[in-house]
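So you know, we letter chains A, B, ... as the sequences are listed, proteins then strands, and number each from 1.
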2 protein chains.
Amino acid sequence: MTIAAFTEHAVTSADKTFLQLRADIVEGAIAAGSKLSETELSAKYQVSRAVIREAINRLESCHLVERKANIGARVVSLTPEGLIQLYQVREALEGMAARLAAKNMSDDEITALKALLDNHFQTVKDGESYYQEAGDLDFHYRIILGSKNQHLIEVLVNGIYHLIRMYRVQLGMAGPRVTTAFDEHKHVVQAIANRDEELAEMLMRRHILYSKNNIERKLQQP
Amino acid sequence: MTIAAFTEHAVTSADKTFLQLRADIVEGAIAAGSKLSETELSAKYQVSRAVIREAINRLESCHLVERKANIGARVVSLTPEGLIQLYQVREALEGMAARLAAKNMSDDEITALKALLDNHFQTVKDGESYYQEAGDLDFHYRIILGSKNQHLIEVLVNGIYHLIRMYRVQLGMAGPRVTTAFDEHKHVVQAIANRDEELAEMLMRRHILYSKNNIERKLQQP
DNA sequence: ACCGCCTAAATTGTCGACATTACAACTTTA
DNA sequence: TAAAGTTGTAATGTCGACAATTTAGGCGGT
């Protein structure tokens, strides 16, 4: 199983437009802070304004765009404070996710999670920095899903993660700190395996806090 | 200032329909789990299907309804597990909000918060149970806003709080435990006034955890 | 030159009609 | 009789046109 197990496969035309727009925004093909003209996008994507409006509505749900009545929609603008605030929310939610995962993950899921880390260890040892993106994501996703908390999953997977990815891509930040992050992952998994809710939450929060501090450092000296 | 400072005043027709639909859903005038037929609502509210669709989209953003492609929208169904999960998210987010409030609230805001508690103390002493709803809400809202974290505010105020209110109304739960909750509020404010982030978060989390336990007890013996 | 008003263009909001999909009832067949 | 296929109806998805609002520019006045 991979991250793309979530591959929200588009059934309707608005779905496809939404996914494409989201990709374009996250990747920066549509600049942050820019205006989303309905008529313009309607022409560009060869669909009616209705589906564009539908797509924009969903983008608003993800907090990727902001709409004002009778004025229009703009892509959110990226600010250092915004990224910090995002990480604060992430720390709170993923900390709770780790706590709940320690309580609710099945033994099989924990075994699989350990196996995942072993795989990552190989790739890290081989010097492949491939770990950066996919590996880190996979780890966090499994714990989020392991929480079995629908609200938590929704907010993180459909909301915050796309926003963070947008920041990563557009501010040109490389993935997380590879080797140290790997050790942190290992300790989180160990706590989950021990069913130690308190420790799992604390370790996950620190893991994310370190990431935040790392990012703050990079932001201050570009 | 009151809670209704947030009164999102409707400018467009879809706004009004959204607010009315949300009220009807939260109050139970539209039953939980029931289907939202676009054509039906279009006739009922005397607006075109386009504005109904727009309103339903926003309800989906609040997690009050769920939509499936080509099938339609249903009001979310209320389950004991759902409420528990909601409180878990709330614990994580409001805990972080209290931490950030201890860091970011202005001295004036803290003074006003203390004054608010004094007012509440009077009403509680006078035996008015009015405190239940409005007072508790006002307290939590101020701390959430005091966090100065836009994402936190968005998710809690526009999302989770309406859902919780829906549960409260429809499961017929009275407001929070009055007297004990008041003491808990006092301690949280004290920690914030002392700029003790760690303690503020811990106390707020416990406050919400107690609420959750209280609710679980009521759910198991109706 | 600056400010306010007014007009015109462009954009968003709303509408009704058509296309497409899902669901149910009925028919057919093994 | 049961299962599969078919057809009809009702719902959602999509479209183009019209209405209402915002915005930019020109015009006139001070």
Task: Touch class at under 4.0 angstrom, heavy-atom based, for L36(A) against every strand present - done: sugar-phosphate
Open item on the list: From the set dC15(C), dG13(D), dT21(D), return the single nucleotide nearest to any side-chain atom of S48(B).
Closed with: dC15(C)
Open item on the list: Distance check needed: dT14(D) C1' versus I52(B) CD1, whole Å only.
Closed with: 18 Å
TODO: Could you say whether R49(B) or A14(B) is positioned toward the 5' end of DNA chain C, judged by the nucleotide with the nearest heavy atom to each?
DONE: A14(B)
TODO: Check whether any side-chain nitrogen or oxygen of K35(B) sits under 4.0 Å from OP1 or OP2 of dT12(D), and answer yes or no.
DONE: yes
Task: Minimum-distance nucleotide to T12(A) side chain [options: dT14(C), dT21(D), dG13(D)] - done: dG13(D)
- [ ] Would you mind reporting whether V76(A) and V65(A) have side-chain heavy atoms less than 4.5 Å apart?
- [x] no
Open item on the list: Which nucleotide wins on minimum distance to the side chain of V51(A), given the candidates dC15(D), dG13(D), dT14(C)?
Closed with: dC15(D)
Open item on the list: Counting only side-chain nitrogens and oxygens, does R67(A) get under 4.0 Å of the OP1 or OP2 atom of dG13(C)?
Closed with: yes
Task: Nucleotide dA19(C), atom C1' - distance to CG of N70(B) in whole Å - done: 11 Å
TODO: Could you state the atom-to-atom distance from NZ of K68(A) to C1' of dG13(C) in whole Å?
DONE: 18 Å
Open item on the list: Could you tell me how far apart I71(A) (CD1) and dT12(C) (P) are, to the nearest whole angstrom?
Closed with: 10 Å
TODO: Specify the separation, in whole Å, of atom CG of L41(A) and atom P of dT11(C).
DONE: 12 Å
- [ ] Please check the phosphate of dT14(D) (OP1 and OP2 only) for any side-chain N or O of S13(A) closer than 4.0 Å.
- [x] yes
TODO: Let me know, please, whether Q46(A) or V11(B) comes out on the 5' side of the other along DNA chain D by nearest nucleotide.
DONE: Q46(A)
Open item on the list: Rounded to whole Å, please give me the gap between CD in E54(A) and C1' in dT12(C).
Closed with: 16 Å
TODO: For residues L59(A) and R22(A), determine if any side-chain heavy atom of one lies less than 4.5 Å from a side-chain heavy atom of the other.
DONE: yes
Task: Whole-Å distance separating the CD atom of E38(B) from the P atom of dT14(D) - done: 11 Å
- [ ] Answer yes if the side chains of R67(A) and N57(A) hold a donor-acceptor pair under 3.5 Å, and no otherwise.
- [x] yes
Task: Side chain of A69(A) - closest among dG13(C), dT12(C), dT14(C) - done: dG13(C)
Open item on the list: For a quick test of reading the model: is some side-chain N or O of R53(B) closer than 4.0 Å to OP1 or OP2 of dT12(D)?
Closed with: no
- [ ] Mind checking I56(B) for me? I need base, sugar-phosphate or nothing, with any heavy atom below 4.0 Å counting as a touch.
- [x] nothing
Task: Test item: S42(B) side-chain N/O and V47(B) main-chain N/O as donor-acceptor pair under 3.5 Å - done: yes
- [ ] Let me know the distance between CD of E40(A) and P of dA9(C), rounded to the nearest Å.
- [x] 20 Å
TODO: Measure the acute angle between the ring planes of H140(B) and H207(B), then classify it against the limits of 30° and 60° as parallel, tilted or perpendicular.
DONE: parallel
